[in-house]
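Written below as structure tokens is the structure these notes are about.
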Amino acid sequence: MLNFDEQRYLRIQTGALALENRLDQVIGSCLARGAENIFFLGTGGAAILMQPAAQLLQRQSRFPAFIESTAELLVTGSRNLTAKSIVVMPSLSGTTKESVALLEKIKTLGATVITLVGHEQTPLGMGGDHVFVNFAEDDTSCESFYLQSLIIALSVMKHRGEIANYDQLIGELTQLPGLLLDVKRSFEDQANGLATRLANSNYHIITGAGNVWPAAFYYGMCILEEMQWIRARPVHASDFFHGTLELVEKNVSLFLLKGEDACRPLADRVESFAQNYTDQVSVIDAAAFDLPGISAELRGLVSPVMLAAVLERISAHLEVIRNHPLTTRRYYKRVAY
């Protein structure tokens with residue numbers, strides 16, 4: 001595979017899953033002490049990656065789950081954020097400005113803070129009540145954060161008696177790193193073709209629904225816009241028909257991500273419409289990838305992880321085709337803002 005270290009990838013994703021036992025113990029102890037809700041409070045891309053786990057709890061658990069803008073919460077606060085809250089704060093660098101500032105504020109409230117970081121010797125790496133460290137870099141962090149937050153959500157449901165097959169799902173998850181590597185290998189030729197399509201236009205609509213909408217949002221904002229300076233319009237598939245559809249015409253590029261959860265029909269609807277008006281519809285479907293040994297239930301939960309794995313392959317080709325390294329920035333962490 002182009003510019004890819006397979007052993008490093010396996011080490012990072014296996015490392016994320018190796019945190020399961022302690023994550024489960026921490027969640028169990030928080031609930032036993034009377035925790036009343038859980039907040040997922042990341043910043044930027046890390047916040048987006050928490051959305052599938054928060055959504056899972058909001059839709060399948062009675063335990064209140066909140067996902068808020070860290071920058072907004074800094075200035076507004078929340079009456080639901082109390083000493084009986086569990087707060088999950090992801091930050092790959094462990095230094096994200098807004099998250100560090102909010103951490104200090106949260107600690108005065110007495111909430112229990114779980115930090116998920118890539119580096120321990122950082123403000124978030126040393127500031128959480130329970131710190132979970134799994135080294136990763138931009139090209140491997142999505143899967144790592146998706147997996148850690150999924151474990152947290154499943155653990156909440158397990159300890160509340162809302163799922164009976166936690167151990168089965170975790171057992172299946174342990175197979176995932178190797179399976180994802182196979183998915184990446186099988187996608188390589190397609191990745192090059194999709195990267196070429198992305199490189200040939202400076203504007204793309206990117207959409208999805210359900211638990212893969214965050215993958216669409218993340219890819220449009222963090223990869224195409226931030227790392228490649230390509231104009232992108234991330235739009236939820238359920239909102240597509242309330243504005244964005246009017247921008248679809250011949251030669252307009254639309255990238256559609258499809259998952260395997262209950263929201264899949266929303267993506268099907270966009271596909272059915274768009275293919276009538278533009279020949280630039282690119283569909284990446286989680287259901288197209290083989291994951292032997294993974295149940296239909298878990299496939300639905302890990303669709304964002306699968307899509308993150310293949311989108312990284314597109315990015316690897318895209319930076320070469322455009323001669324624009326993914327690390328290039330004009331402003332991010334380079335100027336004052």
Side-chain angles (χ1 to χ4, degrees), residues 1-6 8-9 12-13 45 48-49 52 136-146 176-177 179-209 211-235 237 251-260 267 270-271 274 278-291 302-329:
M1 286 185 280
L2 177 68
N3 295 335
F4 187 73
D5 185 333
E6 295 188 2
R8 171 174 161 271
Y9 182 79
I12 290 168
Q13 307 317 327
I48 295 171
L49 299 173
E137 293 178 300
D138 286 339
D139 61 338
T140 53
S141 63
C142 289
E143 296 97 315
S144 176
F145 278 142
Y146 277 141
L176 204 57
L179 295 174
L180 290 174
L181 193 55
D182 291 338
V183 166
K184 282 176 174 284
R185 293 189 188 114
S186 70
F187 192 73
E188 195 72 359
D189 288 343
Q190 190 177 349
N192 184 61
L194 291 171
T196 300
R197 177 169 285 189
L198 283 169
N200 285 340
S201 173
N202 200 39
Y203 172 72
H204 303 274
I205 298 168
I206 181 165
T207 187
N211 65 3
V212 303
W213 155 242
F217 184 17
Y218 182 97
Y219 199 73
M221 184 177 81
C222 297
I223 307 301
L224 297 185
E225 292 181 341
E226 178 186 326
M227 299 184 184
Q228 286 294 293
W229 306 348
I230 293 174
R231 291 174 176 83
R233 169 65 167 105
V235 59
N251 296 324
V252 169
S253 172
L254 183 140
F255 272 69
L256 172 63
L257 306 187
K258 299 177 76 170
E260 298 184 67
V270 172
E271 183 179 12
T278 176
D279 59 355
Q280 300 295 312
V281 178
S282 304
V283 179
I284 308 176
D285 188 352
F289 304 117
D290 291 331
L291 291 179
V302 299
S303 290
V305 187
M306 285 192 283
L307 292 179
V310 298
L311 286 167
E312 180 277 326
R313 288 289 75 216
I314 297 174
S315 302
H317 286 271
L318 184 60
E319 69 173 344
V320 172
I321 292 169
R322 299 186 72 241
N323 191 27
H324 184 120
L326 294 165
T327 54
T328 301
R329 303 289 189 277

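Small disclaimer: the values here were computed from a predicted structure and weren't measured.
Using a 4.5 Å heavy-atom cutoff, the side chains of Leu318 and Leu194 are not in contact. In this structure the side chain of Asp285 never reaches within 4.5 angstrom of the side chain of Leu257, judged on heavy atoms. Counting heavy atoms from C-beta on, the side chains of Leu49 and Tyr218 come closer than 4.5 Å. Counting heavy atoms from C-beta outward, Leu291 and Met306 have side chains that approach closer than 4.5 Å. Looking at Lys258 and Val212, their side chains never come closer than 4.5 Å, going by heavy atoms from C-beta outward. Tyr9 has its side chain out of reach of Pro177: every pair of non-hydrogen atoms, C-beta onward, lies at least 4.5 Å apart. Using a 4.5 Å heavy-atom cutoff, the side chains of Trp213 and Pro304 are not in contact. In this structure, the side chains of Ile206 and Leu254 stay at 4.5 Å or more apart for every pair of heavy atoms.
Residues Ser253 and His204 approach most closely at OG-ND1, 2.7 Å, considering heavy atoms. Residue Gly220 comes nearest to Ala232 through the heavy atom pair O-CB, 3.8 Å, listed as atom of the first residue, atom of the second, then distance. Scanning all heavy atoms of the two residues, the minimum distance from Ser201 to Ile230 falls at O-CG2, 4.1 Å. Smallest separation of non-hydrogen atoms from Gly45 and Cys222: CA-SG, 3.7 Å. Here the shortest heavy-atom pairing between Pro234 and Ala216 reads CB-O, 4.3 Å. In terms of heavy atoms, Pro52 sits closest to Asn211 at CG-O, 3.6 Å.
For the atom pair Phe187 CZ and Met1 CE, the distance stands at 12.5 Å (nearest 0.5 Å). Between Ser186 atom OG and Asp290 atom CG the span is 7.5 Å, to the nearest 0.5 Å. Distance CG/Asn3 to CG/Asp139: 10.0 Å, rounded to 0.5 Å. With values rounded to the nearest 0.5 angstrom, Leu181 atom CG is found 6.0 Å from Phe4 atom CZ. One distance of note links NE2 of His324 with CH2 of Trp229; it measures 4.5 Å at 0.5 Å rounding. Distance NZ/Lys184 to CD/Glu312: 3.5 Å, rounded to 0.5 Å.
A salt bridge is defined here as a Lys NZ or Arg NE, NH1 or NH2 lying under 4.0 Å from an Asp or Glu carboxylate O, and Arg313 with Asp189 fails to meet this definition. Taking 4.0 Å as the cut-off between side-chain N and carboxylate O, Glu226 and Arg329 count as a salt-bridged pair. A salt bridge links Arg8 and Glu137; the closest N-O separation between the charged side-chain nitrogens and carboxylate oxygens is under 4.0 Å.
Here the side chain of Thr278 pairs a donor or acceptor atom with the backbone of Val252 at under 3.5 angstrom. Gln13 contributes a side-chain N or O that, together with a main-chain N or O of Thr140, makes up a donor-acceptor pair within less than 3.5 Å. When atom types are taken as modelled, the side chain of Thr207 and the backbone of Ala237 share a donor-acceptor pair closer than 3.5 angstrom. Within the 3.5 Å criterion, the main-chain N or O of Leu256 finds no donor-acceptor partner in the side chain of Glu271. For Arg322 (side chain) and Gln228 (main-chain N/O), a donor-acceptor pair under 3.5 Å exists by modelled atom type.
Environment of CZ in Arg231: sparse, with no more than 12 heavy atoms of neighbouring residues, nucleotides or ligands closer than 6.0 Å. Around the CG atom of Asn251, the shell of radius 6.0 Å holds more than 12 heavy atoms that belong to other residues, nucleotides or ligands.
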The test is side-chain contact (heavy atoms from CB on, under 4.5 Å); show your working for Val305 and Phe145 and say whether it passes. CA-CA 9 Å; Val305 187; Phe145 278 142; over 6 Å; no
List the steps and the verdict of side-chain contact (heavy atoms from CB on, under 4.5 Å) for Val281 and Asp279. CA-CA 6 Å; Val281 178; Asp279 59 355; over 6 Å; no
Mind running side-chain contact (heavy atoms from CB on, under 4.5 Å) on Ile223 and Leu311 for me, showing each step along the way? CA-CA 10 Å; Ile223 307 301; Leu311 286 167; over 6 Å; no
Pair Tyr219-Phe255, side-chain contact (heavy atoms from CB on, under 4.5 Å): steps then yes or no: CA-CA 10 Å; Tyr219 199 73; Phe255 272 69; over 6 Å; no
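Defined by atom type and a distance below 3.5 Å, a donor-acceptor pair is present between the side-chain atoms of His317 and Glu188. Checked by atom type, the side-chain pair Arg197/Ser282 shows a donor-acceptor distance below 3.5 Å.
Residue Ile314 is tested with Asn192, Leu198, Thr196 for a side-chain contact (heavy atoms from CB on, under 4.5 Å); the sole match is Leu198.
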